[in-house]
Amino acid sequence: MEEINVQQSRAPKWIFVLNLAIQNRLLTRSRLHAWGIAEEVNCPLCNEAEETIDHLLFKCRIAGGIWSKLLQWQGITRTPMEWKREIQWAEGKATGNNAHAQVYRLTLACAVYYIWNERNRRVFQEQQKIVEVIVRQIAQEVAIRGSKNSKTEKRIAEIDYYL
C-alpha cells in the first residue's frame with residue numbers, strides 16, 4: 001500500500017505509528033505470540049478478540065467507537081471499515097491538498113497513534129481512558145495542528161464542536 005501523506009501535520013510520532021500500521025508492522029499481541037514472545041493474545045482494549053492489526057484498527061468495539069465518532073466529527077457518514085479498506089478509502093478519497101482531505105489524514109494519523117498509545121497504556125501501565133476522553137484529545141490535537149495551516153484552519157473551525 002502507498003504511504004498516506006500526512007507530512008503537513010509535522011507530527012513525526014503520528015506518521016511513524018501510522019506507517020507501521022499501514023505496513024502491518026505494529027507489534028500486536030498476535031504477532032508477538034506467533035514469535036513465541038507473548039502468551040496473551042486478547043485485545044487489551046476490549047478483551048474480546050485476538051489482537052491483530054485488523055482487529056485493533058477498527059474492528060475492536062473500543063477503537064471502532066473512537067474512529068466512528070471521529071468520522072462523525074468530520075462529517076463523514078459511514079461506519080469504520082476493516083483496516084485495509086480504510087487505507088484504500090483514504091488513498092482514493094482523501095488525497096490532494098483540499099482542507100477536507102488534509103483534516104481526514106491528520107485525524108487518521110492521530111487516531112491510530114492515540115489508539116496505539118491507549119493500547120500500550122492498558123498493557124504496560126494498567127491504566128485506561130474512556131472513549132470520550134480519547135476522542136476529545138484526538139479532536140483537540142487535530143484542531144491544534146490543523147489551525148497552523150491556512151488551508152485547514154477554516155475546516156477545523158467548521159468542525160470544532162468537540163473543543
Side-chain angles (χ1 to χ4, degrees), residues 1-35 41-46 48-120 131 134-146 148-149 151-156 158-160 162:
M1 287 188 202
E2 288 182 37
E3 182 178 313
I4 296 177
N5 181 13
V6 291
Q7 298 299 332
Q8 301 88 345
S9 73
R10 299 177 196 245
K13 291 179 184 179
W14 296 2
I15 295 165
F16 179 74
V17 172
L18 177 63
N19 284 330
L20 286 177
I22 289 169
Q23 297 168 18
N24 195 23
R25 297 185 70 200
L26 286 176
L27 295 178
T28 61
R29 287 181 164 179
S30 179
R31 287 189 75 201
L32 295 172
H33 180 74
W35 295 342
V41 295
N42 278 351
C43 172
L45 297 180
C46 69
E48 296 171 357
E50 183 176 341
E51 183 196 40
T52 63
I53 193 71
D54 290 326
H55 173 76
L56 189 62
L57 305 170
F58 296 106
K59 289 181 185 175
C60 170
R61 69 177 171 80
I62 304 294
I66 292 167
W67 187 236
S68 181
K69 289 177 186 297
L70 291 168
L71 288 172
Q72 181 183 8
W73 175 64
Q74 296 175 81
I76 299 172
T77 54
R78 65 168 176 80
T79 58
M81 298 182 276
E82 71 176 41
W83 181 236
K84 289 178 185 172
R85 289 195 57 221
E86 211 48 77
I87 296 304
Q88 289 170 347
W89 190 93
E91 289 172 344
K93 304 270 189 202
T95 58
N97 281 333
N98 70 68
H100 284 75
Q102 287 184 9
V103 170
Y104 177 86
R105 292 191 306 264
L106 279 170
T107 305
L108 179 64
C110 189
V112 170
Y113 177 78
Y114 275 90
I115 289 167
W116 185 248
N117 273 354
E118 180 61 21
R119 176 252 188 228
N120 288 336
V131 167
I134 298 167
V135 170
R136 182 178 299 272
Q137 192 172 16
I138 293 167
Q140 288 174 342
E141 286 280 337
V142 169
I144 290 166
R145 299 223 187 255
K148 294 177 183 178
N149 179 324
K151 287 185 181 181
T152 56
E153 187 175 27
K154 183 178 177 187
R155 175 68 181 139
I156 292 295
E158 292 171 357
I159 62 174
D160 74 347
Y162 266 114

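What you see below is based on every heavy atom in this structure, not just the backbone, and it leaves out hydrogens, waters and symmetry mates.
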Open item on the list: So does S30 get a backbone contact from the side chain of E51, meaning a donor-acceptor N/O pair under 3.5 Å?
Closed with: no
- [ ] For residues I87 and L108, determine if any side-chain heavy atom of one lies less than 4.5 Å from a side-chain heavy atom of the other.
- [x] yes
Task: Separation between CH2 of W89 and CG of L71, rounded to the nearest 0.5 Å - done: 7.5 Å
Task: Residues K59 and E48 bridged, charged N to O under 4.0 Å - done: no
Task: Gap separating the CD atom of Q137 from the SG atom of C110, nearest 0.5 angstrom - done: 8.0 Å
Open item on the list: If I take atom CD from residue E82 and atom CG from residue D54, how far apart are they, to the nearest 0.5 angstrom?
Closed with: 6.0 Å
TODO: Measure across G65 and V131 and return the closest heavy-atom pair with its distance rounded to 0.1 Å.
DONE: C-CG1, 4.4 Å
TODO: Identify, with sequence neighbours excluded, every residue that meets side chain to side chain contact (heavy atoms under 4.5 Å, CB included) alongside L27.
DONE: R31, L32, W35
Task: Within the 6.0 Å centroid threshold, strictly below: F16 and W116 - done: no
Open item on the list: Quick check for you: to the nearest 0.5 Å, what is the distance between Q74 atom CD and I156 atom CD1?
Closed with: 8.5 Å
Task: Distance-minimising heavy-atom pair for A21 and V112 - done: CB-CG1, 4.0 Å
- [ ] Answer yes if the side chains of E141 and W14 hold a donor-acceptor pair under 3.5 Å, and no otherwise.
- [x] no
TODO: Could you grab the distance from atom SG of C60 to atom CD1 of I66, nearest 0.5 Å is fine?
DONE: 8.0 Å
Open item on the list: Within the 4.5 Å heavy-atom criterion, are I115 and F58 side-chain neighbours or not?
Closed with: yes
Task: Atom pair NE2/CZ of H55 and R61 - distance to nearest 0.5 Å - done: 9.0 Å
- [ ] Kindly give the heavy-atom pair with the smallest separation between L45 and A63, and that separation in Å.
- [x] CD1-CB, 4.1 Å
Open item on the list: Would you say the ring centers of Y104 and W73 fall short of 6.0 Å from each other?
Closed with: no
Open item on the list: Tell me whether R155 contacts the main-chain N or O of H100 through its side chain, where contact means a donor paired with an acceptor under 3.5 Å.
Closed with: no
Open item on the list: Contact between W67 and T107 at the side-chain level, heavy atoms closer than 4.5 Å - yes or no?
Closed with: yes
Open item on the list: Less than 4.5 Å apart, side chain to side chain, heavy atoms only: is that true for L57 and E86?
Closed with: no
- [ ] Tell me, please, which residues at least two apart from E50 pass salt bridge (Lys or Arg N to Asp or Glu O under 4.0 Å).
- [x] none
Open item on the list: Quick one: does any side-chain atom of W83 pair with a main-chain N or O of N24 as donor and acceptor, under 3.5 Å?
Closed with: no
